[in-house]
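None of these values were measured; they are calculated from a predicted model. Values reported hereafter were calculated over all heavy atoms of this structure, with side chains retained and with hydrogens, waters and symmetry mates removed. For ligands, and for the atoms within them, numbers begin at 1 and follow the listed sequence. In what follows, residues are counted from 1 in the order of the sequence shown.
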Amino acid sequence: MHASIENLLNDQIKVEATASMHYLAMASWADAEGFSGVANFFYAQSEEEREHMLKLVKFVNERGGKVVVPALDQPTDKFTSLKALFEKFLDSEVFVTKQINTIIDTCLEQKDYNTNNFMQWYVTEQLEEEATARTLLDKLNIIGDNNSGYYLFDRDIESFIQPQE
Ligand code: FEO
């Protein structure tokens with residue numbers, strides 16, 4: 001495995017781990033605020049990001065690369081509203097997509113078609129996750145500042161939880 005690819009995959013391990021911890025903090029905030037549906041959504045999302053990280057760890061090891069298990073910064077646990085929570089979710093997913101595209105660019109430059117092929121799974125996953133984040137944010141924009149709207153949002157978000165693989 002080319003060193004530049006190995007470094008980028010290790011960076012991505014950190015990106016996925018960071019997303020997992022951010023979503024855990026978001027789940028915990030929602031739980032404390034009484035939004036149990038939103039909490040379940042982010043608990044599941046946090047678990048998914050951990051799976052994304054693990055998949056990378058295993059791939060780097062299979063390819064004979066060296067995995068660096070990263071130290072992480074403490075995620076924020078201060079949110080002002082559900083809308084702020086979901087804006088952060090969308091920003092985070094857009095950032096992850098950008099990172100994945102950078103890895104793929106480098107794979108093509110280095111003619112590492114194997115890693116490119118592996119990363120295509122992440123491309124599909126990001127498409128879904130960004131679409132979910134945008135849909136949920138659209139719903140919150142429609143709801144505005146309406147408590148019964150929040151109640152329904154919190155109830156209905158459970159249908160967006162993806163079954164674990
Ligand atoms: Fe694994 Fe949602 O990025």
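- Cation-pi check for Lys78 over Trp29 is not met; the charged atom does not lie both under 6.0 angstrom from the ring centroid and within 45 degrees of its normal.
- Restricting Glu16 to its N, O or S atoms, the one at the least distance from atom 1 (Fe) of ligand 1 is OE1.
- Atom 1 (Fe) of ligand 1 has Glu49 among its coordinating residues (N/O/S atom, backbone or side chain, under 2.8 Å).
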**Message:** As a quick check of understanding, evaluate side-chain contact (heavy atoms from CB on, under 4.5 Å) for Thr97 and Tyr122, giving each step before the final call.
**Reply:** CA-CA 8 Å; Thr97 301; Tyr122 287 83; over 6 Å; no
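- Among the heteroatoms counted here (N, O or S) of Glu129, OE1 is the one nearest to atom 2 (Fe) of ligand 1.
- Counting backbone and side-chain atoms alike, Glu125 contributes no N/O/S atom closer than 2.8 Å to atom 1 (Fe) of ligand 1.
- Counting just the N/O/S atoms of Glu93, the one with the shortest distance to atom 2 (Fe) of ligand 1 is named OE1.
- A salt bridge is defined here as a Lys NZ or Arg NE, NH1 or NH2 lying under 4.0 Å from an Asp or Glu carboxylate O, and Glu130 with Arg134 meets this definition.
- Aromatic rings from Phe41 and Phe35 are positioned such that their centres are separated by 6.0 Å or more.
- The pair Asp73-Lys14 fails the salt-bridge criterion, with no side-chain N (NZ, NE, NH1 or NH2) lying under 4.0 Å from an Asp/Glu carboxylate O.
- The N, O or S atom of His52 with the smallest distance to atom 1 (Fe) of ligand 1 is ND1.
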